[in-house]
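Working notes, structure below.
To find a chain, count down the sequence lines: A is the first, B the second, and so on, and within it residues start at 1.
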There are 2 protein chains.
Amino acid sequence: MHTKSRTNDRPVAIDRRVARTRALLKQALVELIPERGFAAITVEEICARANVGRSTFYTHYEDKEALRQATMEDHLQKIGRARGSQHEGDQAFAFSLPMFEHALEFGPLHRALIADRRDAIHDQLRDKVRKAVRCELAGRTPDGIPDQIAVEFLTGAFLALLGWWVESGYPLQPVELDDHFQKLATAGLPLTGSEQATSQAHA
Amino acid sequence: MHTKSRTNDRPVAIDRRVARTRALLKQALVELIPERGFAAITVEEICARANVGRSTFYTHYEDKEALRQATMEDHLQKIGRARGSQHEGDQAFAFSLPMFEHALEFGPLHRALIADRRDAIHDQLRDKVRKAVRCELAGRTPDGIPDQIAVEFLTGAFLALLGWWVESGYPLQPVELDDHFQKLATAGLPLTGSEQATSQAHA
DNA sequence: TCTGATTCCAGACATACTGTCCAGTATCAT
DNA sequence: ATGATACTGGACAGTATGTCTGGAATCAGA
């Protein structure tokens with residue numbers, strides 16, 4: 001599948017029909033998800049939207065799931081390639097801003113494929129983020145906190161922020177959001193209020 | 001449905017048969033989820049496991065989803081009631097430890113109904129946690145960070161930690177995990193390594 | 001213990017989606 | 001131009017859904 005190499009050097013371009021069909025199916029899926037939610041979509045619907053025969057669908061993808069995987073893959077690759085831009089302020093975590101920026105740029109697509117926490121899609125992205133976090137943390141976790149815990153903590157926090165931001169229509173600039181994320185991640189919530197905790201009363 | 005009140009004061013106990021049927025269905029669901037995953041389970045399967053006629057199922061619940069909702073509701077109520085135990089150390093956030101402890105106590109149940117991020121279940125719990133966090137934060141967010149952002153950040157971080165802990169078989173004591181959470185939440189990750197950030201090279 | 005009300009059940013039904021297969025047609029690369 | 005490949009619509013069996021029966025079992029209350 002994928003690309004086929006003829007001899008051994010450059011991969012030969014995919015048959016135009018194949019490319020066309022797959023692109024149409026992916027696009028149809030992306031259009032449909034925000035309208036009806038992934039779970040409710042049927043293969044027939046996707047094909048109708050894409051103007052592709054249902055039997056054709058199954059020659060390319062095993063499943064509705066497989067199509068989503070492929071589409072998601074495309075999408076994540078795009079994020080990876082976008083890493084080049086690199087603003088690189090004086091932040092502690094480099095992965096977050098590019099991600100936020102991508103989420104803004106590919107708004108509807110992102111909302112459809114990634115921000116939909118109600119579907120299984122998120123996991124793939126979560127893994128990607130987890131890796132980025134683990135890489136950037138690289139043994140610099142403070143005190144007695146296990147690396148894994150810090151990684152999960154940050155990954156969850158980041159994805160929650162990202163999801164909220166996308167779902168509420170990008171109420172901040174990417175840089176602002178990233179600043180908040182950086183501050184919360186590195187400095188925490190010192191809880192500026194009068195007392196520091198619930199420890200006021202007893203023990 | 002639910003409970004029916006005869007005149008106007010105390011609600012009359014539910015018909016034994018109804019109670020029995022619903023309990024059996026809920027229990028069957030909880031048993032089945034870890035075995036095959038919620039999405040793959042069929043109504044017939046649930047009924048078979050519960051020894052309940054399939055037609056009976058539909059007189060109680062509209063849907064597989066409705067059953068899950070109801071089961072989840074039961075479960076969350078249990079968490080709510082457990083709030084009484086209250087260890088209350090000198091931590092900043094009071095909601096976390098009881099939650100961790102409950103997750104440990106109702107291990108399989110919790111894993112089945114809540115920790116399965118791949119299903120839609122999580123959202124309900126997320127809302128609950130969000131509320132708890134927002135309540136405990138109550139305007140004490142530091143600096144220029146919007147409340148909502150702090151809330152999402154913490155909610156995400158907490159749920160990620162909870163999910164990881166449950167899925168990896170409770171490798172820590174609840175109190176330990178909670179300590180780590182508290183520390184990360186209030187003090188952040190000062191990044192103890194040599195340099196503080198990626199700012200070393202340029203600009 | 002009797003009785004009317006409620007709930008359970010098995011089974012049948014229409015509907016919908018899935019995944020596979022085919023033979024005919026259109027499009028591709030060369 | 002031609003052989004290879006991909007697309008098509010339609011048919012197919014299999015499975016799940018949700019609704020509806022009428023009769024049997026179980027209930028609560030007197």
Starting from C1' on D:dC7, measure out to CG on A:N51 and report it in whole angstrom. 13 Å
Starting from P on D:dT8, measure out to CZ on A:R20 and report it in whole angstrom. 7 Å
So does A:H60 get a side-chain nitrogen or oxygen closer than 4.0 Å to the phosphate oxygens (OP1/OP2) of D:dC7? yes
Around atom CD of A:Q173, are there more than 12 heavy atoms of other residues, nucleotides or ligands at under 6.0 Å? no
Pick one: which of A:W164, A:W165, A:F93, A:F95 meets ring pair (Phe, Tyr, Trp, His ring centres under 6.0 Å) with A:F158? A:F95
Rounded to the nearest angstrom, tell me the gap between atom CG in A:D15 and atom P in D:dA6. 6 Å
Listed partners of A:Y58 passing side chain to side chain contact (heavy atoms under 4.5 Å, CB included), at least two apart: A:V43, A:R54
Check: B:F57 and B:E44 side chains under 4.5 Å, non-hydrogen atoms: no
For B:P174, is there any backbone N or O sitting under 3.5 Å from a side-chain donor or acceptor partner on B:E101? no
Find the distance B:E65:CD to D:dG18:C1' and express it as a whole number of Å. 16 Å
In whole angstroms, the gap separating C1' of C:dC9 from CG of B:L25 amounts to 13 Å
Sugar-phosphate atoms are those with a prime plus P, OP1 and OP2; base atoms are the rest. Using that split, label each nucleotide of nucleotides 18-24 of chain C B, S or - for protein heavy atoms under 4.0 Å, 5' to 3'. BBBB---
Quick one: A:R36 CZ to C:dA16 C1', roughly how many Å, whole number? 13 Å
Using a cut-off of 4.0 Å on non-hydrogen atoms, how would the nucleic acid contact of B:R17 be classed: base, sugar-phosphate, or nothing? base
Is B:K26 atom NZ crowded by more than 12 heavy atoms from other residues, nucleotides or ligands, each under 6.0 Å away? yes
Out of D:dA6, C:dA29, D:dT8, which nucleotide sits closest to the side chain of A:V52? D:dT8
Derivation and outcome, side chain to side chain contact (heavy atoms under 4.5 Å, CB included), residues B:I46 and B:I41: CA-CA 7 Å; B:I46 301 174; B:I41 302 174; 3.5 Å; yes
Distance in angstrom units between B:R16 CZ and C:dC8 P, rounded: 14 Å
Give a yes/no on whether any side-chain N or O of B:T56 is located under 4.0 angstrom from OP1 or OP2 of C:dC9. yes
Nearest whole Å is fine: how far is C:dC17 P from A:E45 CD? 8 Å
